[in-house]
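Data block below; observations after.
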Amino acid sequence: MSVAAIHRRRIAGTMLGAGAIILGDFAVAFESRGGRQVKTVGLVILLLIIGPTFLGYGVWLLRTGNWRESIPAAELLIDRAIGAEPPPRNAWDRRVALFQSWMMVLFGSFFSLCLIAVLISFIPE
């Protein structure tokens, strides 16, 4: 592992704290025989999909208030399969839906920060 890769790993660890534990060796650049750095593209694609998607959907749910009366997809499929109507939402369902919306915003923000840290590690020195 090169000195630059170790330095980038320290920066990513400093920026993210606990997030660097999740990133682990993915944020480290390994050098190939040609001297070019080979990055883990799969991690970037995964973070690019998960981070902004969770963040955007969570914010959309909170702004529009759709979490109040929405029915989970799995519950809707089960009810349609057995031919029943979905039950009306109660206070407990609304609390869980609100919690889930806030968790989507929290985890979406976290994974977006992880994506930024990985993209910063791509910048050549």
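Bear in mind the structure is a predicted one, so any value in this text is a computation, not a measurement.
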*Is there a path from Phe107 to Val59 through hydrophobic residues (I, L, V, M, F, W, Y) whose side chains come within less than 4.5 Å of each other?*
no
*Are the side chains of Thr53 and Leu48 in touch, meaning some heavy atoms are under 4.5 Å apart?*
no
*Can Leu119 be reached from Ile50 by stepping across I, L, V, M, F, W or Y side chains whose heavy atoms are under 4.5 Å apart?*
yes
*Test side-chain contact (heavy atoms from CB on, under 4.5 Å) on Leu61 and Val105 and set out the steps.*
CA-CA 10 Å; Leu61 282 174; Val105 169; over 6 Å; no
_Gap separating the OG atom of Ser112 from the CZ atom of Phe54, nearest 0.5 angstrom_ = 10.5 Å
*Would you mind reporting whether Leu47 and Pro52 have side-chain heavy atoms less than 4.5 Å apart?*
no
*Around atom CZ of Arg94, are there more than 12 heavy atoms of other residues, nucleotides or ligands at under 6.0 Å?*
yes
_Can you tell me how far apart OG (Ser101) and CZ (Arg68) are? Round to the nearest 0.5 Å._
10.0 Å
*Could you walk me through whether Phe99 and Trp102 pass the ring pair (Phe, Tyr, Trp, His ring centres under 6.0 Å) check?*
CA-CA 5 Å; Phe99 175 76; Trp102 279 109; over 10 Å; no
*May I ask whether Met103 and Leu62 are part of the same hydrophobic cluster, defined by side-chain heavy atoms of I, L, V, M, F, W, Y residues being less than 4.5 angstrom apart, directly or through others?*
no
_Could you report the tightest heavy-atom contact between Leu115 and Val44, atom names first, then the distance?_
CD1-O, 3.9 Å
*Is the shortest heavy-atom distance from the side chain of Phe110 to the side chain of Leu106 under 4.5 Å?*
no
*asked:* Once rounded to the nearest 0.5 Å, what's the spacing between atom CH2 of Trp67 and atom CZ of Arg89?
replied: 13.0 Å
*asked:* Can you confirm whether Glu75 sits close enough to Pro87 that some side-chain heavy atom of one is under 4.5 Å from a side-chain heavy atom of the other?
replied: yes
_Quick check: do Phe111 and Leu55 have side-chain heavy atoms less than 4.5 Å from each other?_
no
*Which pair of non-hydrogen atoms, one from Asp93 and one from Pro88, has the smallest distance, and what is that distance?*
OD2-O, 4.2 Å
